[in-house]
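Presented below is the structure to which this report refers.
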Protein chains: 2
Amino acid sequence: MSQQRHGNTPGNADGGRAGSVTAFPDLPEATIARLPEYLRALHNLGEAGADTVSSEGLAAAAGVNSAKLRKDLSHLGSYGTRGVGYDVALLIDQIEYVLGLDQRRAVCLVGLGNLGHALAGYDGFASRGFKIVALFDADPSKVGEEIQGLIVRHIEELGRVAVEENIAIGVIATPAGAAQAVADVLVDAGVTSILNFAPCVLSVPSGVDVRKVDLAIELQILSFHEHRKASLTALPGGRSATAAGNQEAVGS
Amino acid sequence: MSQQRHGNTPGNADGGRAGSVTAFPDLPEATIARLPEYLRALHNLGEAGADTVSSEGLAAAAGVNSAKLRKDLSHLGSYGTRGVGYDVALLIDQIEYVLGLDQRRAVCLVGLGNLGHALAGYDGFASRGFKIVALFDADPSKVGEEIQGLIVRHIEELGRVAVEENIAIGVIATPAGAAQAVADVLVDAGVTSILNFAPCVLSVPSGVDVRKVDLAIELQILSFHEHRKASLTALPGGRSATAAGNQEAVGS
DNA sequence: AGGCGCTTGTGAAGGCGTGCACAAATCGCG
DNA sequence: CGCGATTTGTGCACGCCTTCACAAGCGCCT
């Protein structure tokens, strides 16, 4: 990781960030993971008619600490006004730019089982900067099926289509046994980002990013906390009748 | 502070850790989030016929560093044998116990749109310690529908059913606008763990755990990396991505 | 015009997690 | 029985992230 810190003077903070900004100030990974949440909160606020929002208000809407939010945003530059807050529209533009959402990204989806069908129909993708442009499956009985206006193609076509449609992001929703082979095909086709829903570890060349979502793992983590809570309430005499005292949003 | 390793000597490791173990050594959150991954890898290894596995081997199967794996496991106690490795079956039992998976947990699912249908049919839940015992929706046209052998009930029945079936975990797969109301109903019904697929922040009383899975956010994070990679390759520096193969997983 | 209240941006401190490197422990073999 | 090979368990140092607290900056009101 020889990531060179390159001087991010707040000087360029004004509106003119048209294409000239070379690379990115290396944002902390933790910050990047929160930017989408801020973005969603900002869109909500914007639709509610807010022109500006304070760090406190935005932090509440995004479910984080306000100091953390300010520090996160400060990494992008100075887009707030002291004494006033942040301009909602401006901040939306800035975050969308940083996340690369100003260009609608083409996504392909591999595996149209139960989950794949749901993902193909999930309108949260389209409404937040992504467009599913192709569906693939290895099962001949599924090929040809029309889902949400797209025809399911055989996975052998993936390489050709990926190039034609300039697909950079692939979503894997196959069973675990097929996932690695699919990943290999995706990588060969030039895909450099993969979202993996299959419960397995993918091996990919460096330069390819993989994010994994495992629904069962999330439940197992909750199960642990259930287990812990149960063993705690069993011990002290006072079975905490109602913990509903203080409202605290327990974020992830 | 006084992180006293509580005398969980390897002697009783086999069967004799019935419910009497007081509480849990407070495992680091990061460790907890990885335990399910270890568990999955162990099951794979076990089915492949392995009796024991080294930290190196298990780490590779789980996609993590071996030192990290050893430290994680050391938090549970000493369940390995130096010079040999870890007993697969024993470690499976131990992790399942810690995660509270020795008892099959009852889960209810609220919201049977596109995603809800997929979740209801996802066999990864049943195969990994969970059982969906009830489905709810607010839409009368969906109530009565049979999915995977379960009848969709109206959400007003949630309170009664949750108590009857002893449901501790609820999954929210509704639109964002309905999620908070559903969460309130779940909490009132005694549910203390919530897995939220709706793109919004939930406010719940302390003592209730919420984990959030937002599919679009995952894509947006990938989009950022795409954006960054694109702006790097545009530079004449010609450093072709040397980043080590990194497998990022959702969490925190 | 000047002061006052509000909010951002940030230096500093502390905590948490990671990875290295090695001592301790166990097994197999001569 | 002792020795070497192997692997676990862990002390330690380092870096990242979070949180606090406050100076700097901005707008509004008088």
Side-chain angles (χ1 to χ4, degrees), chain A residues 1-3 5 8-14 25-35 37-38 50-60 62-88 90-91 94 251-252, chain B residues 1-11 13 25-35 37-38 50-60 62-88 90-91 94 244 246-249 251-252:
Chain A
M1 293 294 200
S2 60
Q3 197 73 307
R5 160 164 299 280
N8 171 28
T9 64
N12 68 353
D14 57 349
D26 37 8
L27 300 174
E29 215 25 62
T31 294
I32 296 162
R34 283 187 293 264
L35 286 182
E37 195 71 43
Y38 302 157
D51 286 333
T52 64
V53 63
S54 70
S55 66
E56 201 76 38
L58 182 52
V64 301
N65 182 295
S66 73
K68 191 187 297 186
L69 177 120
R70 286 200 300 275
K71 181 146 292 194
D72 282 341
L73 294 186
S74 77
H75 286 128
L76 317 182
S78 283
Y79 291 96
T81 305
R82 298 178 190 227
V84 177
Y86 297 93
D87 182 292
V88 172
L90 174 61
L91 198 50
Q94 182 59 19
S252 58
Chain B
M1 310 304 188
S2 60
Q3 179 79 335
Q4 193 70 331
R5 171 136 312 285
H6 91 24
N8 205 358
T9 62
D26 38 6
L27 299 175
E29 211 32 57
T31 294
I32 296 162
R34 283 187 293 265
L35 287 181
E37 196 70 43
Y38 302 156
D51 286 333
T52 64
V53 63
S54 69
S55 65
E56 202 76 38
L58 182 53
V64 302
N65 183 296
S66 72
K68 192 187 297 187
L69 177 120
R70 286 200 300 276
K71 183 150 294 192
D72 282 342
L73 294 186
S74 77
H75 286 128
L76 318 181
S78 283
Y79 291 95
T81 305
R82 297 177 192 227
V84 177
Y86 297 92
D87 182 294
V88 172
L90 174 61
L91 199 50
Q94 182 59 19
N246 45 0
Q247 192 97 322
E248 306 170 17
S252 160

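Rounded to 10 degrees, the angle separating the terminal axes of the helix from C/dA1-D/dT30 to C/dG30-D/dC1 is 0°, with each axis obtained from five end pairs.
Of the candidate nucleotides C/dT8, C/dG17, D/dT8, C/dG17 has the atom lying nearest to any side-chain atom of B/Pro28. Listed nucleotides: D/dC12, D/dT18, D/dC17. Nearest to the side chain of B/Lys71: D/dC12. Comparing C/dT8, C/dG17, C/dT10 by their nearest atom to the side chain of A/Ser74 picks out C/dT10.
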5' to 3', nucleotides 21-30 of chain C under a 4.0 Å protein heavy-atom cut-off (B base, S sugar-phosphate only, - none) gives B-BBBBS---
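Atom pair B/Asp72:CG and D/dG9:P shows a separation of 12 Å (rounding to whole Å applied). Rounding to whole angstrom units, CG of residue B/Leu91 and P of D/dT7 are separated by 17 Å.
With sequence neighbours excluded, no residue forms a side-chain hydrogen bond (donor to acceptor under 3.5 Å, both in side chains) with B/Ser54. Applying the side chain to side chain contact (heavy atoms under 4.5 Å, CB included) rule to A/Ser66 yields the partners A/Ser55, A/Glu56, A/Ala59, A/Arg70; only residues at least two apart in sequence or on another chain are considered. Here A/Thr52 pairs with A/Val84 under the side chain to side chain contact (heavy atoms under 4.5 Å, CB included) rule; sequence neighbours left out. Residues meeting the side chain to side chain contact (heavy atoms under 4.5 Å, CB included) test with B/Asp51, sequence neighbours left out: none.
OP1 or OP2 of C/dT8 sits under 4.0 Å from a side-chain N or O of A/Ser55.
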